Amino acid sequence: MKVIVYYFIVIYLINVCFSLKPIEQQLQPQLHHFNINYNNNNNNNNNNNNNNNNNNNNNNNNNNNNNNYNNIFNNEKVIVAHPKIPPYWSIENEISNPNDLISFKILLKQNNLDKLKYYFEEISDPKSTIYGEYLNIEDINKLVKSSDEDINKVIDYLKSFGIVNLEKEIKLFSDYILVETTIEKVSSVFNSKFSNYKNRNNGKTRNRLNGPAYLPKQLLNSIDFITGLSEFFEQTFKVENYLNNNNNNYNNNNNNNNNNQINNENSNSYNGGLDDILIIPKVLKSYYNVPNELIGKCEENRIGVIAFNDYFSMGALELFDEIFNITSAASKGNITIIGNDCLGKGCDQYESDLDIQYITAMGENITTDFISFNDAQWILDYLHSVLEMKNPPLVQSISYGWAELLQCDVSNGCSTFGYDSKQYVDRTNSEFQKLATLGISVLVSSGDDGAPSLGGSSGNCPIDGTVYCPTGGCNHTKTMCPEFTIYNLNNNNDDNDNDNNSYCFFPMGIASIGCTNILGDPSVLDIGMKIFSENNKQCNLAIEYDRTNLPHVYSECQCKELVNVTFRNYHFTQYQFKEDNGALFVAEYPSSSPFVTSVGATQFISRDEKITTEVGCTILQGAKITTGGGFSSFQSQPKYQQLAVQEFFNYSKSNSFLPPSFSYSSTNRGVPDISMVGHNYKIYSSDGNNKDFNQCPCKSLPVDGTSCSSPTLAGLIGLINDQLLLNGKSQLGFLNPLLYQMAIDEPRIFNDITGDSSNRCSRSYCCLYGWSTSPNTWDPVTGLGSIDFNLFLSYVLKLKGIKI
């Protein structure tokens, strides 16, 4: 996942790209019905028109059209969108400028999804008679096209509010409508109020809903949901997880500058393992058996990197190519950039530097697309954009993700009334199926926080107190009580909120909604924790910070011995593990989609600069992340995976390796599918000293993450596609049915990852529960294992009828 960590400690935001992972604080709903009068006039719309000289005729016509349209639709309206305002955004202007433009999408009901899935499965199955016979985008659009009745119904409704320009204001696609028009018109369409919000951290402003948006109930039969009205997908408060940063460690005995000093004799080491071999292109090619002379030669072949609010330095890429003797994609013009350069404008570069450097190093000399999206866009926006491309990359790598049950928190495309994250995921999965039916491979990092996860998790996974502050940096190496609970006594949640959102299981749930809500009040940790600590002096209770600036609880007493404290409306008490406190494990999306290839991370154990074994990547072995894996909360297990998953459970049950049965569903989608090394990659990045981040001087640094694994494998899949295309065969397309069939036919293609590998830790905390690797089968730590590239290539060429 993403090598930059975004998190809340007070209001710290987790963004793991693998993965980008924002956390959003839910706003209490304002379920009032009203029309906005931008002239602060309480008269009716016709009187408002008399006060608005620029829009008299248009608004009068709109009112007439609206009145006529209400003869068709009754006045019963329902909520279709509602904002959830993160705590670092605040209202700059209560009423948005009515002439400002805003764009949104109306996702219409799709047709023939059963036929789409049929084509998807048959085209992707190596045993099918139509394997690799991909459809074109025109055929796919015709297949799923929304009905003319639904399209016309929504278009007519928009026209009734003066949104009539089919070139400038309305753009019609096969199954959704993109609208760009004025705030004034949009507020009328949705009977809603818009405010101008400002991000306190970077100064950016955005027009978004202030309260709910409504549509006539009858329209809901024609649409799935609306996106673009309430998103606050934004990254802030970052910490580079590759640096050994130390934060202040607070306890009740020290309140002076000595808090910054770490007792190195007592502090956990962070030496990165035994020899910790540095990963560079030649190491990857040597270990995974990739011929050095194999480079891309087919002009029609393309690979791609997908980025969200992230960008790469061209100067750093050129330096990387020069140092490692890579055929320079940059100098040969083999890099196509789609999206705006945001370097120096508040976005990040380390993730994209990593992605572009290693996808082009492994897929050497293959034309590469770098496709960048802004900070208000998410997976559905990416899919819509790629499906509109004339020549989309045949292999695409995504190093971002977020809890699948909180997709509405990422995009807010889902309403708090009538829609949920499942519907957002279902709709997005339909778009992934379209890509697969086109013959496109999508690889997604599985996450950097193990089975428990961090961003969006409940935190209800009991910490193993014997593994205290595993990444180092704290004053101590052991604790008698590793966590406690903070409970908001003023539990005034609305009907859409889970009562668990009033609990913060600290620190395991540091990025949960409950902790985000509670710690959004800075006094909770500042004053409240001080009081809690002072009342437990006998335990030397303290909060200490590790090298990634995440908090840990130190205590010389057992949890049951702590004295409870109430500070204002917050109650500090001992943590008790209960099933109904929230999910132990959280799968990340889009990695958990059955229609992408989920890529986990391994790490090399080495001595004397020689690799001795490959294990699952974990902080317990000195890595900076723990590879993500587990089971989806609601997405069904695809048939291509069923046999492998069953074999895993047959082995694990007989060896008592399984976590509590309530924490997972063995019949749901399992991740990852496959793994590659994801620890200690050497990348180059511009330091921006010359104010041009696209140029050097550049610095080198080691990074970890499943976001190392995904682009590395994507580049190699690009090389295999190149050989297929040069021989007149179709590209691989969706990989998973092929991978699992390979594991049956030629298991030696995969490097079986065993040893003492577990993903029970996140990047900073270790839970008592998690998943473990199993021999000779798939497992939810490293999937099928890593690959022997030459054996992989030989299998594919034989399958496609190409003589070796």
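Treat the numbers as computed from the prediction; the structure is a model and nothing was measured. All heavy atoms count here, side chains included; hydrogens, waters and symmetry mates do not.
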- request: Please state whether the sulfur gamma atoms of Cys474 and Cys469 sit closer than 2.5 Å to each other.
  value: yes
task: Measure the distance from the SG of Cys767 to the SG of Cys761 and say whether it is below 2.5 Å.
output: no
task: Would you please name every residue forming a ring pair (Phe, Tyr, Trp, His ring centres under 6.0 Å) with Phe532, sequence neighbours left out?
output: Phe484, Phe572
message: Using the ring pair (Phe, Tyr, Trp, His ring centres under 6.0 Å) criterion, which residues pair with Tyr575? Sequence neighbours excluded.
response: Phe505
Using a distance-only test with no angle check, is there a side-chain donor-acceptor pair under 3.5 angstrom linking [X] and [Y]?
X      : Y      : answer
Ser523 : Asp521 : yes
Glu404 : Gln635 : yes
Thr573 : Asn564 : yes
Gln576 : Thr485 : no
Arg669 : Ser598 : no
Thr706 : Asp448 : yes

field: Residues which pass side-chain contact (heavy atoms from CB on, under 4.5 Å) with Thr667, listed by chain and number, not counting sequence neighbours
entry: Ser665
Working to the nearest 0.5 Å, report the span between [atom1] of [X] and [atom2] of [Y].
X      : Y      : atom1 : atom2 : result
Gln621 : Ser757 : CD    : OG    : 7.0 Å
Ser709 : Gln603 : OG    : CD    : 11.0 Å
Glu544 : Leu550 : CD    : CG    : 14.0 Å
Lys624 : Ile619 : NZ    : CD1   : 12.5 Å

query: Is any side-chain heavy atom of Tyr197 less than 4.5 Å from a side-chain heavy atom of Asn199?
result: no
- request: Side-chain contact test, heavy atoms from C-beta onward, threshold under 4.5 Å: evaluate it for Ser593 versus Val425 and give yes or no.
  value: no
query: Hey, is Arg760 close enough to Asp464 for a salt bridge, meaning N to O under 4.0 Å?
result: yes
- prompt: Do Trp771 and Phe631 have their ring centres less than 6.0 Å from each other?
  reply: yes
